[in-house]
Amino acid sequence: MAMNMGCGFLLSLFFLGIINTSGQVAENPIIWADVPDVSVMRVNNTYYMSSTTMHMSPGLPIMKSKDLVNWEIAGYAYDRLVENDKMNLENGKEAYGKGSWASSLRYHDGLFYASTFSATSGKTHVYKTKNPETGPWESHSFEPVLHDNSLFFDDDGRVYMIYGGGQIKLVELLPDASGIKPNGLEKVIIENVNLTFGEGEVGGLPGEGSQIHKINGKYYLFNIASPKSRWERSVIIHRADNIEGPYEGRGALQHEGIAQGGLVNTPDGDWYAMLFGDRGSVGRIPYLVPVTFENGWPVLGVDGKVPQSLNLPDNSKGIFGIVASDEFERDISDPKLPLAWQWNHNPDNNNWDILENPGRLRITTARVDNNVLLAKNTLTQRTFGPKSTASTLIDISQMKNGDIAGLIALQNKYGYVGVKKEDGKNSIVMVESKLDIEGEDEKQGVLAYNDLSTTFKIIEQVPIDQENVHFRIDCDFDTDKAYFYYSLNGKEWQHIGKPLQMIYTFTKHFMGYRFGLFNYATQEAGGYVDFDYYRIDKVPMRKKP
């Protein structure tokens, strides 16, 4: 990976980075929201970072920053990963926790490249463009699925992917990275990443999440791994003089589970590692770690730890480049949806719209479902820590019997506040899913599963006799609890139901909680609701019950 890369251009779409005029410093985490599997690079004076959003559409988000700490979404590498029943939520199938996983972001000869892989498509994907903000992205895919791959353009013109879990392999690609080179180089370069911990310490997370860099003629391969305990997440670095090896490995960081990522340098020559840490129900969140070099090895952190503060610009408002309120008011030249929004799976574009006078989002039902997890056209944004709130106003006048619409805290164990229409009458409901849990871990989350026939329970139901109702959800990630409210006038808020104990699940969803707007039918299709606004704030605006 070349460290002083060309191509200086950038147009800010929605958010200008905060300039450090107050003397405040940046604080870790850099982004207190679910932005996992980060791959970061610099092109002239602009930093770019890719991440994982799995079953969401559009996917493979590309973020940009001028200062490494205030990030905004610049675009997505794809609009729809693949057209199949899983990604389309058809025939009872789904892609929760799947879709596309860890990506690799590179810049080479005037082009941006983003690679990923997907068990849902059964392929490895490579996307490229001249401009990650405007596109278009040229798409290539090939078999097999190369797990946690790191795309790499070497100085001699050869192109590779480094990939694997536990055992790390190298495979040579075609010069345009569109596929595997016939009869090209393919070999195992590291037999077992976890042997770096010692012969008896190989029972935890197998080494994965490869990111490779070339600095001053040496190759540095970053992996995440852990010894016997799954949660002793560590950064392992292997170094070699040749991309084929032999590689020498050592532990580089073991602090609060912060691991997986890679290196980036500033125009002034300072080095950082962008990594992520598992933080319960909010998800996997990025940390920026200073790096120095000693005897040709990157040394991560300060005295072996990730510092709380960094001598970089204030990032206290930086989350609002990643999430955004929306009044659904649009100019003719505006996109229908700002980049902060993603659909839960591929949307049905014939059954949602942004309407004018006044601006509002309309979601129409087109089929019957028995669960909100199957609902088409659930529109989502990230929740964020340490505390966040989202609210909306819904016109429910055109709902049909059996319709349910509202605002959801979305994960495998979900909760929502909404309106249910039954026998011609409307009721406000607070609903919680019933979740079978396996392998609970009190600190980090659970290994859990639900199928789409999972049951849910109405915790509280309140009759309503008006056509508009406000909803709000407050998320407290210090306690991993969500609180649900409604208002009949937008001023006085009433708590409903009970707090949801949020749980991060791995074998389903595999992402932090999301706020979502939804509408689905349980009896007949064709009803619709209009969402008048979506508003977020950093802290809950009102006292909890």
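When atom types are taken as modelled, the side chain of His238 and the backbone of Leu221 share no donor-acceptor pair closer than 3.5 angstrom. Side-chain N or O atoms of Thr383 include one that pairs as donor or acceptor with a backbone N or O of Tyr513 at under 3.5 Å. One N or O on the side chain of Ser118 and one on the backbone of Gly99 form a donor-acceptor pair closer than 3.5 Å. Side chain of Gln381 to main chain of Phe515: no donor-acceptor pair is present (N/O by atom type, distance under 3.5 Å, no hydrogens or angles). Ser103 places no side-chain N or O within 3.5 Å of a backbone atom of Thr116 that could act as its donor or acceptor partner. With Asn149 contributing its side chain and Leu146 its backbone, the two residues share a donor-acceptor pair below 3.5 Å. Checking side-chain atoms of Thr53 against main-chain N and O of Met56 turns up no donor-acceptor pair under 3.5 Å. In terms of modelled atom types and a separation under 3.5 Å, the side chain of Trp32 and the main chain of Asn28 share no donor-acceptor contact. For the pair Arg42 (side chain) and Asn265 (backbone), a donor-acceptor distance under 3.5 Å is present. Side chain of Tyr219 to backbone of Ile215: no donor-acceptor contact under 3.5 angstrom is found.
In terms of heavy-atom proximity, Val171 sits nearest to Ile180 at CG2-CG2, 3.8 Å. Minimum heavy-atom separation, Leu373 to Leu410: CD2-CD1, 3.8 Å. Taking each heavy atom of Pro132 and Ile62 in turn, the nearest pair found is CB-CG2, 4.2 Å. Between Gly207 and Ala225, the closest heavy-atom pair is CA-CB, 3.8 Å. The minimum heavy-atom distance linking Trp341 with Thr380 is given by the pair CE3-O, 3.3 Å. Across all their heavy atoms, Ala33 and Phe384 have their closest contact at CB-CB, 4.1 Å.
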- prompt: Between Tyr163 and His147, is a ring-ring contact (aromatic ring centres under 6.0 Å, His included) present by the stated rule, with each step listed?
  reply: CA-CA 6 Å; Tyr163 68 98; His147 177 84; 8.9 Å; no
message: With side-chain hydrogen bond (donor to acceptor under 3.5 Å, both in side chains) as the criterion, how do Gln411 and Ser281 come out once you've worked through the C-alpha distance, each side chain's angles and the decisive distance to 0.1 Å?
response: CA-CA 9 Å; Gln411 227 269 4; Ser281 61; over 6 Å; no
message: As a quick check of understanding, evaluate side-chain contact (heavy atoms from CB on, under 4.5 Å) for Asn315 and Ile30, giving each step before the final call.
response: CA-CA 7 Å; Asn315 64 329; Ile30 293 303; 4.0 Å; yes
task: Show your working on side-chain hydrogen bond (donor to acceptor under 3.5 Å, both in side chains) between Asp148 and Ser210 and close with a plain yes or no.
output: CA-CA 6 Å; Asp148 279 14; Ser210 293; over 6 Å; no
- request: Step by step, work out the side-chain hydrogen bond (donor to acceptor under 3.5 Å, both in side chains) result for Tyr96 and Asn344.
  value: CA-CA 9 Å; Tyr96 285 109; Asn344 178 26; 2.8 Å; yes
field: Worked verdict on Glu186 versus Lys169 for salt bridge (Lys or Arg N to Asp or Glu O under 4.0 Å)
entry: CA-CA 7 Å; Glu186 185 169 2; Lys169 297 180 180 180; 5.9 Å; no
field: Check against side-chain hydrogen bond (donor to acceptor under 3.5 Å, both in side chains), Asp85 and Asn91
entry: CA-CA 7 Å; Asp85 283 353; Asn91 298 316; 2.8 Å; yes
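Residues that satisfy the salt bridge (charged side-chain N to carboxylate O under 4.0 Å, His left out) test with Glu244, not counting sequence neighbours, are Lys187. Among residues two or more places apart in sequence or in another chain, the salt bridge (charged side-chain N to carboxylate O under 4.0 Å, His left out) test is passed with Asp154 by Lys214. In this structure Ser141 satisfies the side-chain contact (heavy atoms from CB on, under 4.5 Å) test together with Lys123, His125, sequence neighbours excluded. With sequence neighbours excluded, the residues forming a salt bridge (charged side-chain N to carboxylate O under 4.0 Å, His left out) with Arg80 are Glu83, listed by chain and number. Ser178 pairs by the side-chain contact (heavy atoms from CB on, under 4.5 Å) definition with His140, Leu174, Asp176, not counting sequence neighbours. Qualifying ring-ring contact (aromatic ring centres under 6.0 Å, His included) partners for Phe222, counting only residues two or more places apart in sequence or in other chains: His213. Residues satisfying the side-chain contact (heavy atoms from CB on, under 4.5 Å) test with Asp353, not counting sequence neighbours, are Lys336, Leu355. A search for salt bridge (charged side-chain N to carboxylate O under 4.0 Å, His left out) contacts involving Glu208 returns nothing, not counting sequence neighbours. With sequence neighbours excluded, the residues satisfying ring-ring contact (aromatic ring centres under 6.0 Å, His included) with His108 are Phe153. For the ring-ring contact (aromatic ring centres under 6.0 Å, His included) test, no residue two or more places apart in sequence or in another chain qualifies with Trp137. Every residue two or more places apart in sequence or in another chain that forms a side-chain contact (heavy atoms from CB on, under 4.5 Å) with Pro290 is listed here: Tyr272, Val302, Pro307, Leu310.
Checked against a 6.0 Å centroid threshold, the rings of Tyr48 and Phe112 count as neighbours. Between Tyr127 and Tyr78, the ring centre distance stays below 6.0 Å.
Counting only N and O atoms by type, the side chains of Ser65 and Asp67 include a donor and acceptor under 3.5 Å apart. Side chains of Thr129 and Glu138: a donor-acceptor N/O pair is absent below 3.5 angstrom, by distance only. Using a 3.5 Å distance cut-off with no hydrogens or angles, the side chains of Thr124 and Glu143 do not pair a donor with an acceptor. In this structure, a donor-acceptor pair under 3.5 Å is present between the side chains of Asn88 and Asn346. For the 3.5 Å distance criterion, the side chains of Thr378 and Arg514 fail to qualify, holding no donor opposite an acceptor.
More than 12 heavy atoms of other residues, nucleotides or ligands shown are found within 6.0 angstrom of CH2 on Trp343. Other residues, nucleotides and ligands contribute over 12 non-hydrogen atoms within 6.0 Å of the NZ atom of Lys128. For CG of Asn295, the number of neighbouring non-hydrogen atoms (other residues, nucleotides, ligands) closer than 6.0 Å is 12 at most. Within 6.0 Å of CG in Asn216 there are 12 or fewer heavy atoms belonging to other residues, nucleotides or ligands.
Tested against Trp271, the residues Trp297, Phe293, Tyr220 include a single ring pair (Phe, Tyr, Trp, His ring centres under 6.0 Å) partner, Phe293.
Under a 4.0 Å N-O distance rule, the pair Lys66/Glu72 does not qualify as a salt bridge. For Arg233 and Glu256, the salt-bridge test fails: no basic side-chain N is under 4.0 Å from an acidic carboxylate O.
Each salt bridge (charged side-chain N to carboxylate O under 4.0 Å, His left out) pair with one or both residues in residues 280-299, not counting sequence neighbours, appears once here: Asp37-Arg284.
In this structure, Arg367 and Leu89 have side chains that are in contact, with non-hydrogen atoms separated by less than 4.5 Å.
We find the OG-CD distance between Ser104 and Gln211 to be 5.0 Å, quoted to the nearest 0.5 Å.
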